[in-house]
K.L.:
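Okay, handing you the structure first.
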Amino acid sequence: MGEVALVFPGQGSQKVGMGRAWAEASAAARAAFEEADAALGEPLSRLIWDGPEEELTLTANTQPAILAVSVAIHRALAERGVDLAPAVVAGHSLGEYSALVAAGALDFADAVRLVRRRGELMQAAVPAGEGAMAAVLGLDRAAVAAVVEEAAGAGLGVVAVANDNAPGQTVIAGAAAAVERAVEVALERGARKATRLPVSAPFHSPLMAPAREGMAPLLAAADFRDPALPVIVNVDARAVSRGPELRDALARQIDSPVRWVESMELAARDFGVDTFVEIGPGGVLSGLNKRIVAGARTLTLAEPAGLDKLSG
C-alpha cells in the first residue's frame, strides 16, 4: 500500500446540517464550531446546522462554514486517535485554508476570519451579474485553453480557465458575455456539455485581482508557520514546506487557476500517494481524484459513518 493524502473541499460542497453529526459525536468537533463562532462573534454554527440555505450559500458565509466543518472533522479524528499518517495535504481553493490549519501552519481562528474577509472581497470584486463561471465537459485542458483564447479575442471581456478539476472537466470564468461566448465555442468544438454555473462571481479569474489586493495586507499580518508536513498549493501545483511561501500562494490563488489535476498527479508521482481521504462536507474531491489517479483509493469523511471504511 502506498501513502495517504488528506484533501479538503472548497466552495460548492456546502449543505444545511453539515457537520452536525460530528459535533454530536465529538467534543473536539463541538469545540471547533464554538471556536469558529467566537472568532467571528456570531453563531456561524447555527447557520451551518439550521440554515436558511440562501444565507448559508452567500460566499461570505459559505467559506468560513466549510472551513469550520473540515477542521471540526479533522479534530474529531485526532480525538479518536485516528492517525492517517498522511504524506502530504492539499485543499481545493478555499480548502487550502483547511489544509494549512490541519498542517499546523495557520491558527484556526485566524483562518476563519481570513476566509470570511476573502469571501466578502471576492463577492465585491465584480458587480452582481457582470461575471460568470461555466463548466466545460468532454474537452481536454489544451482544448479549453484554445476555446477561452478565441472567446477572449471577441472583445466581450476577460475569460480564462479557472479550475482544472479532472480530465475532461474544466471550469472557466470571466465577464458574463465572454463566458457565454466561450460556452458557444466549446460546444462548437465538440464539448459534451458546457453550461453556466450557479455562482455569484467569476472566481479564480483575473477579475478577482481586487480581492487579491484586498487580502494581501490581511495575509501579511497573519502568522504563518512552517507546516508539519508538505502542502501542495493550487496556484503552482507544487509542494511547499515554508510558511511565507504558503502565505504568498494563498494571495496568488485568488485570481489564478486551481491546478487540481496537476496537484493530485504530483501527490501520486512524488509522494507515492494512492489513497486520498477527503475531510469535509460532500465527496466532490473523491470523485475527481478517482478520475485523475488511476486505481486510487478514495475515502470521504463527511459523516462519522465514514470511519468504518478506514479499516476496510
Side-chain angles (χ1 to χ4, degrees), residues 1-10 13 32 66-67 70-78 82-108 110-112 114-115 118 163-166 204 215 219-220 222-254 256-280 284-286 288-301 310:
M1 180 176 174
E3 299 288 345
V4 172
L6 304 186
V7 293
F8 298 84
S13 294
I66 290 176
L67 169 68
S70 297
V71 171
I73 295 171
H74 187 258
R75 290 187 175 178
L77 297 178
V82 178
D83 184 7
L84 297 170
V88 68
V89 298
H92 191 285
S93 185
L94 159 72
E96 201 162 280
Y97 283 82
S98 304
L100 295 192
V101 174
L106 182 63
D107 287 338
F108 179 40
D110 288 342
V112 170
L114 285 169
V115 299
R118 179 181 185 266
N163 300 344
D164 186 15
N165 281 336
H204 296 291
M215 281 298 294
L219 291 167
D223 179 24
F224 282 80
R225 300 175 294 276
D226 293 347
L229 70 168
V231 180
I232 300 177
V233 298
N234 293 177
V235 68
D236 299 317
R238 69 183 181 91
V240 172
S241 297
R242 297 295 306 276
E245 293 180 63
L246 293 171
R247 173 192 285 116
D248 174 68
L250 284 181
R252 291 187 292 118
Q253 64 138 253
I254 294 173
S256 300
V258 174
R259 297 166 61 182
W260 192 250
V261 171
E262 294 170 87
S263 295
M264 296 301 96
E265 290 174 341
L266 175 75
R269 183 183 66 248
D270 290 9
F271 292 90
V273 170
D274 65 3
T275 300
F276 296 90
V277 179
E278 183 170 1
I279 296 180
V284 171
L285 299 183
S286 295
L288 297 179
N289 289 354
K290 286 180 181 179
R291 296 169 58 189
I292 296 170
V293 179
R297 182 187 187 207
T298 61
L299 298 170
T300 59
L301 292 177
L310 287 176

K.L.:
A side-chain contact here means heavy atoms from C-beta on lying under 4.5 Å apart; do L250 and L100 qualify?
P.N.:
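L250 reaches L100 side chain to side chain.
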K.L.:
Does the side chain of F224 come within less than 4.5 Å of R242's, by heavy atoms?
P.N.:
no
K.L.:
May I ask you to decide if Q253's main-chain N or O and N234's side chain share a donor-acceptor pair within less than 3.5 Å?
P.N.:
no
K.L.:
If I take atom CD1 from residue I73 and atom CG from residue L301, how far apart are they, to the nearest 0.5 angstrom?
P.N.:
7.0 Å
K.L.:
Where do A90 and A99 come nearest, in terms of heavy atoms and distance?
P.N.:
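A90 and A99 have their closest heavy atoms at C-CB, 3.8 Å.
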K.L.:
Assess the residue pair M215 and I254 against the criterion (side chain to side chain contact (heavy atoms under 4.5 Å, CB included)); give the C-alpha distance rounded to whole Å, side-chain angles, the decisive distance to 0.1 Å, and a yes or no.
P.N.:
CA-CA 9 Å; M215 281 298 294; I254 294 173; 3.6 Å; yes
K.L.:
Go through the steps for V7 and I279 under the test side chain to side chain contact (heavy atoms under 4.5 Å, CB included), then give the verdict.
P.N.:
CA-CA 6 Å; V7 293; I279 296 180; over 6 Å; no
K.L.:
Within a strict 4.5 Å, meaning less than it, do heavy atoms of the V284 and P9 side chains meet?
P.N.:
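Result no, sub-4.5 Å side-chain heavy-atom pair not found.
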K.L.:
Is a donor on one side and an acceptor on the other found under 3.5 Å between the side chain of E265 and the backbone of I292?
P.N.:
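Absent.
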K.L.:
Output the distance between atom OG1 (T298) and atom NZ (K290), rounded to the nearest 0.5 Å.
P.N.:
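Result: 4.0 Å between the selected atoms.
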K.L.:
Could you tell me if the side chain of F276 sits less than 4.5 Å from the side chain of M264, heavy atoms only?
P.N.:
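Result yes, sub-4.5 Å side-chain heavy-atom pair found.
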K.L.:
Might you point out which heavy atoms bring L246 and A105 nearest each other, and give the distance in Å?
P.N.:
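Shortest heavy-atom contact: CD1-CB, 3.8 Å.
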K.L.:
Is any side-chain N of the basic residue among R259 and D164 closer than 4.0 Å to the acidic one's carboxylate O?
P.N.:
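Result for this pair is no, no salt bridge flagged.
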K.L.:
Would you say L84 and L77 make side-chain contact, with heavy atoms under 4.5 Å?
P.N.:
yes
K.L.:
Do NZ/NE/NH1/NH2 and the carboxylate oxygens of R238 and E245 come within less than 4.0 Å?
P.N.:
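Yes, charged N to carboxylate O under 4.0 Å.
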K.L.:
Carefully, step by step, assess S286 and E278 under the rule side chain to side chain donor-acceptor pair (under 3.5 Å).
P.N.:
CA-CA 6 Å; S286 295; E278 183 170 1; 2.9 Å; yes
K.L.:
Are E96 and V233 close enough, and set up right, to give a side chain to side chain contact (heavy atoms under 4.5 Å, CB included), and what steps lead you there?
P.N.:
CA-CA 7 Å; E96 201 162 280; V233 298; 3.9 Å; yes
K.L.:
Give me the atom names and distance for the closest heavy-atom approach of L67 to S98.
P.N.:
CD1-OG, 3.4 Å
K.L.:
Looking only at atom types and distance, does a side-chain atom of N165 sit under 3.5 Å from a main-chain N or O of V261, one as donor and one as acceptor?
P.N.:
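Looks like no, no N/O pair under 3.5 Å.
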K.L.:
List the atom of L114, the atom of A222, and the distance in Å for their closest heavy-atom pair.
P.N.:
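In terms of heavy atoms, the two residues are closest at CD1-CB, 4.1 Å.
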K.L.:
I'd like to know if the side chain of R252 and the backbone of V235 have a donor-acceptor N/O pair within less than 3.5 Å.
P.N.:
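No; zero donor-acceptor contacts below 3.5 Å.
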K.L.:
Taking the side chain as C-beta and beyond, is there a heavy-atom pair between R247 and L106 under 4.5 Å?
P.N.:
no
K.L.:
For a quick test of reading the model, state the closest non-hydrogen atom pair linking L288 to A166 and the distance between them.
P.N.:
CD2-CB, 3.8 Å
K.L.:
Tell me if a side-chain donor or acceptor on D226 pairs with a main-chain N or O of G243 at a distance below 3.5 Å.
P.N.:
yes
K.L.:
Provide the closest heavy-atom pair for A103 versus V231 in the form atom of the first, atom of the second, distance.
P.N.:
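In this case the closest contact between A103 and V231 is CB-CG2, 4.1 Å.
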K.L.:
With side chains defined as the heavy atoms from C-beta onward, is the minimum distance between N289 and W260 less than 4.5 Å?
P.N.:
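SC-SC contact between N289 and W260 confirmed.
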K.L.:
Could you measure the distance from the CD atom of E3 to the CG atom of D270? Nearest 0.5 Å is fine.
P.N.:
12.5 Å
K.L.:
Would you check, one step at a time, whether the test side chain to side chain contact (heavy atoms under 4.5 Å, CB included) holds for L94 with V115?
P.N.:
CA-CA 8 Å; L94 159 72; V115 299; 3.7 Å; yes
K.L.:
For residues Y97 and R118, determine if any side-chain heavy atom of one lies less than 4.5 Å from a side-chain heavy atom of the other.
P.N.:
yes
K.L.:
Just by distance, do the side chain of H204 and the backbone of S256 share a donor-acceptor pair under 3.5 Å?
P.N.:
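Such a contact is found between H204 side chain and S256 backbone.
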